[in-house]
Amino acid sequence: QVQLVESGGGLVQPGGSLRLSCAASGFIFSTAVMSWYRQAPGKERELVARITLLGDTTYLDSVKGRFTVSRDNARNTVYLQMNSLKPEDTAVYYCNALLSKYYWGQGTQVTVSS
């Protein structure tokens with residue numbers, strides 16, 4: 001079955017960096033549009049970044065220039081490099097695969113605080 005396992009979250013100071021990874025299995029990774037979403041306490045889940053089969057990317061306006069999404073089809077993994085982190089980036093980050101329907105990982109907590 002489809003599995004998405006996120007890793008790389010944690011506590012970081014403002015201005016710091018983290019790289020999230022999402023290891024995928026159970027489907028042909030190269031055929032899936034992969035995305036990162038996040039959900040902060042009391043807020044709705046929002047799309048942070050998306051990468052298509054051809055490597056085209058889309059970003060939430062507030063993370064443009066700071067976050068970079070990439071994929072390694074040989075490793076069945078999608079990444080989210082997050083630089084210049086801000087307290088408002090604090091959230092649970094979820095990996096998402098779009099196949100015939102949406103599939104979700106379990107999420108990884110990112111906390112930006114001094």
Any residue meeting salt bridge (Lys or Arg N to Asp or Glu O under 4.0 Å) with Lys64, in chain and number order, not counting sequence neighbours: Asp61

Derivation and outcome, side-chain contact (heavy atoms from CB on, under 4.5 Å), residues Tyr59 and Val69: CA-CA 9 Å; Tyr59 295 95; Val69 60; 3.4 Å; yes

Shared hydrophobic cluster, Phe27 / Tyr103 (ILVMFWY, side-chain heavy atoms < 4.5 Å): yes

Smallest separation among heavy atoms of Ser114 and Pro14, with atom names: N-CD, 3.7 Å

Check: Thr77 and Phe29 side chains under 4.5 Å, non-hydrogen atoms: no

Within-4.5 Å side-chain heavy-atom neighbours: Met34 and Leu4: yes

Contacts of Tyr79 that satisfy ring pair (Phe, Tyr, Trp, His ring centres under 6.0 Å) - sequence neighbours left out: none

Closest approach of Leu80 to Tyr93 (non-hydrogen atoms, all atoms of both residues): CD2-CD2, 4.1 Å

Min side-chain heavy-atom separation Glu88-Val112 under 4.5 Å: no

Atom pairs and distances, side-chain donor-acceptor, residues 16-26, under 3.5 Å, sequence neighbours left out:
residue: Ser17; atom: OG; partner: Asn83; partner atom: OD1; Å: 2.9

N/O donor-acceptor pair under 3.5 Å between Arg71 side chain and Thr52 backbone: yes

Connected via hydrophobic side-chain network under 4.5 Å: Val92 and Leu60: no

Partner residues of Ser84 under the side chain to side chain contact (heavy atoms under 4.5 Å, CB included) criterion, sequence neighbours left out: Arg66

From Arg38 atom CZ to Phe67 atom CZ, the distance as rounded to the nearest 0.5 Å: 5.5 Å

side-chain contact (heavy atoms from CB on, under 4.5 Å) assessment of Asp89 paired with Met82: CA-CA 9 Å; Asp89 296 318; Met82 305 186 294; over 6 Å; no

Rounded distance (nearest 0.5 Å) linking atom CG of Asn73 with atom OG1 of Thr31: 9.5 Å

Please table the atom pairs, donor to acceptor, closer than 3.5 Å between any side-chain atom in residues 5-13 and protein atoms at least two apart or in another chain.
residue: Glu6; atom: OE1; partner: Gln106; partner atom: N; Å: 3.0
residue: Glu6; atom: OE1; partner: Gln106; partner atom: NE2; Å: 3.3
residue: Glu6; atom: OE1; partner: Gly107; partner atom: N; Å: 2.9
residue: Glu6; atom: OE2; partner: Cys95; partner atom: N; Å: 2.7
residue: Glu6; atom: OE2; partner: Gly107; partner atom: N; Å: 3.2

Joint cluster assignment, Leu53 & Tyr102, ILVMFWY side-chain distance < 4.5 Å: yes

Transitive ILVMFWY side-chain link Val48 to Tyr94, under 4.5 Å: no

same_hphob_cluster(Val78, Leu99) at 4.5 Å side-chain heavy-atom cutoff: yes

Listed partners of Leu47 passing side chain to side chain contact (heavy atoms under 4.5 Å, CB included), at least two apart: Ser35, Tyr37, Arg50

